[in-house]
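Read the structure below first, then the notes.
One-based numbering along the sequence shown.
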Amino acid sequence: MTQILMTMFLTISLFSTVSAADWNQWKGPNRDGKSTETGLNTDWSKQLPKLLWTAEGLGNGFSNLSFFNDKMFTMGDFNEKTYIIALNREDAKLLWKTEIGIGGMPGGYGIGPKCTPTTDGNYVYALSQNGVIACVDFETGKLIWKKDFIKDFNGKMMSQWGFAESPLLDDDWIICCPGSEQNGTMFALDKKTGNVVWKTKELTNPASYASVSVINIDGVRQYLIITDKILAGINCQDGSLLWKVDFPGRVAVCTDPVYDDHIVFVTCAYGVGSYAYSIKKQGNQFVAKEIYNVREVDNKHHGLILDNGFIYSTTDKGALSCVEMKNGKMKWQNRRLRAVSDLAFADGHLILRTEKSGELILVEANPEKYVEKGRFQQPDRTDQNAWTYPLILDGKLFIRDQDKLFCYDLSK
C-alpha cells in the first residue's frame, strides 16, 4: 500500500509509570537490545497485553524500527525497490518514504531489507540489501547522498543473502562494513557527504551480517567487528587494528558480539557454537585469547541479551539458554521451546518471538531457572519467518511482520 492504513485503534494511553526515550538505532542507544523502561506488565498469565492498533504499509522486509522525537523509521520494499520510511511515532501515520535503490531477494531468500535506520535528528541513514547506503533529510526524506558498497567500494558479503548490517552513527562519521578485499572491511564515511574518511587497511575480510558496536577496553574506545574469519577491535580515531583473533564462522555470521569486563562473547550457528575471548591491554598493545567455548549454544541471528553477568541466547534449534559470561557455565537450557527466534529485554524480563508462528513469550531474566510469565499469539501472521525483533518503548510493545506493524499496551 502507498499509505498507512489504520485497521484497528482501540485506545491511546499515557503511561505515567514508564519513561519515554529515543531508540535511534539498531537495538537501541547502546546497541544491546535492552529497553530501560520500567513499570511494565510483567505477568501475562494474569493480564495479556492489549492491542492498541495495527498499521499497514511498511512494505516487504525484516527491518526494525528506530525512534527519534515524534518520528519512527524503518525500511521496506515496494514494487522491487527499497525505501526508507518515516512514520508518526504516536499512530504510525506515513510521513514520507524515499527510494534508495533496487530491492528484491539477494540469494533468493529473505525478501526485503534487513537494516534498521539510524538518525541524529537531522539526517537518517540506512543500508539496502543490495548494498546502497543512503542519507536522507530527517523532516522531509529528501535524498542527501548515497553510495554503493559494490560499485563504489568493491564490497563483498561473506555469503549470498545480501547486506544486513545497520550502520553506526558515531559523531560526524557513519561506520559501515562494505567488506572490500581490496580496500578494507570497515569504512568511516563523513555523515554529511558520504565521502570516505578512513578504511581498515589491516582488515580486508568480506562483510558478515552482524553490525558494529562501540566498546571501551582499558580506556581505549574501539569498534567491535566480527566477520566469518576474525573478531577484532578497530581504533575509533583512525581505523587502525588494535587486536584480532581467529573465529571459525561458517555460512552466515549474523549475531552481534557482546562485551563485558574484558570478555567478548560471540556465536554462530551451522555447527560453530559460541566462543569467549579475553581482551586485555598489556603495555601499549592488546592481547586477545580464547578462554572457553559453549558448542551447545549456536545462535543463528536471534540476538544475545547480557544482563547482570549472564547471557541469554537461543540456539539454532530454538532452545533458550542462560550462560554465565565470565566462565561459560551453562546455568540452564530449555529445549522444549524449540521454535524460539528473536529476543528483547525490558524490566527484568525477556520477550521471545517464535520464528514460524510469531507467538510472543514472556520469560524472567533469571539465571537460576526458566520462569515463563505468559504468552500470546500474534494475529494476521504472514507466510514469512518472524525475524524482526520485538521492541519495547513508550510503554508499548512493537511487532513488525513484513507490511504490518502491531502496537501493544505494556502498562500494568
Side-chain angles (χ1 to χ4, degrees), residues 25-34 36 118 165-177 184-188 197-205 207-208 210-249 253-268 273-294 297 299 303-313 323-329 345:
Q25 62 175 331
W26 164 240
K27 295 175 70 175
N30 299 315
R31 293 206 157 197
D32 58 5
K34 298 179 70 174
T36 59
T118 185
E165 73 163 319
S166 297
L168 171 68
L169 176 59
D170 192 19
D171 290 332
D172 294 330
W173 298 344
I174 293 295
I175 307 301
C176 55
C177 297
T185 301
M186 180 188 293
F187 282 53
V197 179
W198 53 252
K199 45 198 174 186
T200 54
K201 298 178 182 179
E202 302 160 279
L203 185 65
T204 57
N205 299 90
S208 73
S211 297
V212 174
S213 60
V214 179
I215 61 175
N216 191 304
I217 304 179
D218 294 329
V220 180
R221 192 169 180 271
Q222 51 199 274
Y223 300 123
L224 183 62
I225 179 176
I226 188 168
T227 75
D228 63 332
K229 302 296 183 185
I230 60 95
L231 171 75
I234 304 298
N235 192 315
C236 287
Q237 295 182 342
D238 58 12
S240 59
L241 182 67
L242 294 173
W243 57 268
K244 70 174 182 178
V245 290
D246 293 334
F247 173 66
V253 176
C254 305
T255 303
D256 301 346
V258 294
Y259 170 78
D260 185 47
D261 192 19
H262 297 94
I263 298 176
V264 179
F265 186 96
V266 296
T267 186
C268 181
S274 299
Y275 289 76
Y277 301 88
S278 168
I279 318 293
K280 293 184 178 180
K281 192 177 182 184
Q282 295 184 3
N284 294 323
Q285 296 183 327
F286 285 91
V287 176
K289 61 180 182 179
E290 181 185 329
I291 55 175
Y292 65 79
N293 65 72
V294 188
V297 176
N299 188 304
L304 301 171
I305 295 294
L306 171 62
D307 185 57
N308 293 321
F310 297 92
I311 292 175
Y312 298 90
S313 172
V323 175
E324 191 168 3
M325 185 164 181
K326 67 181 181 181
N327 55 26
K329 180 180 179 182
F345 175 96

Would you say that [X] contacts [Y] through its side chain, given a criterion of any heavy-atom pair below 4.5 Å between the two side chains?
| X | Y | value |
| --- | --- | --- |
| I291 | I263 | yes |
| F187 | I175 | no |
| Q25 | L168 | yes |
| K27 | S166 | no |
| T255 | V253 | no |
| C177 | I225 | yes |
| Y312 | F345 | no |
| Y292 | F265 | yes |

What is the distance from atom [atom1] of [X] to atom [atom2] of [Y], rounded to the nearest 0.5 Å?
| X | Y | atom1 | atom2 | answer |
| --- | --- | --- | --- | --- |
| M325 | S274 | CE | OG | 11.0 Å |
| L224 | S213 | CG | OG | 4.5 Å |
| D260 | N308 | CG | CG | 10.0 Å |
| K280 | D261 | NZ | CG | 8.0 Å |
| I279 | I217 | CD1 | CD1 | 5.5 Å |
| Y223 | M186 | OH | CE | 8.0 Å |

- Message: Is it the case that over 12 heavy atoms from other parts of the model lie below 6.0 angstrom from the CG atom of D218?
- Response: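 Yes, CG of D218 has more than 12 neighbouring heavy atoms, counting only those of other groups under 6.0 Å.
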
- So does K326 have more than 12 non-hydrogen atoms from other groups sitting under 6.0 Å from NZ?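 Count not over threshold, so no.
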
Mind listing the closest non-hydrogen atom pair of [X] and [Y] along with its distance?
| X | Y | value |
| --- | --- | --- |
| R31 | S211 | NH1-CB, 3.6 Å |
| P167 | T118 | O-CG2, 3.6 Å |
| V264 | P257 | CG1-CB, 3.9 Å |

- Would you confirm whether T267, through its side chain, and N299, through its main-chain N or O, come within 3.5 Å as a donor-acceptor pair?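 Indeed, once roles are kept as given, a pair shorter than 3.5 Å links the two residues.
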
- Message: Using a 3.5 Å distance criterion without hydrogens, assess whether the side chain of T200 forms a donor-acceptor pair with backbone atoms of E202.
- Response: no

- Where do V323 and F310 land on the side-chain contact (heavy atoms from CB on, under 4.5 Å) test, with the steps shown first? CA-CA 6 Å; V323 175; F310 297 92; over 6 Å; no

- Task: Could you pull out all residues at least two apart from D256 that satisfy side chain to side chain donor-acceptor pair (under 3.5 Å)?
- Result: W26

- Look at the aromatic rings of Y259 and H262 and report parallel, tilted or perpendicular, splitting at 30° and 60°.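 Because their plane-to-plane angle is over 60°, the rings of Y259 and H262 count as perpendicular.
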
Pair up each side-chain donor or acceptor in residues 227-245 with any protein partner under 3.5 Å, not counting sequence neighbours, and list the distances.
residue : atom : partner : partner atom : Å
T227    : OG1  : K229    : N            : 3.1
T227    : OG1  : I230    : N            : 3.2
N235    : OD1  : Q237    : N            : 2.8
D238    : OD1  : S240    : N            : 3.0
D238    : OD1  : S240    : OG           : 2.7
W243    : NE1  : Q222    : OE1          : 2.6

- Can you sort out the partners of D170 under salt bridge (Lys or Arg N to Asp or Glu O under 4.0 Å), two or more places apart, ordered by chain and number?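 Applying salt bridge (Lys or Arg N to Asp or Glu O under 4.0 Å) to D170 gives R221.
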
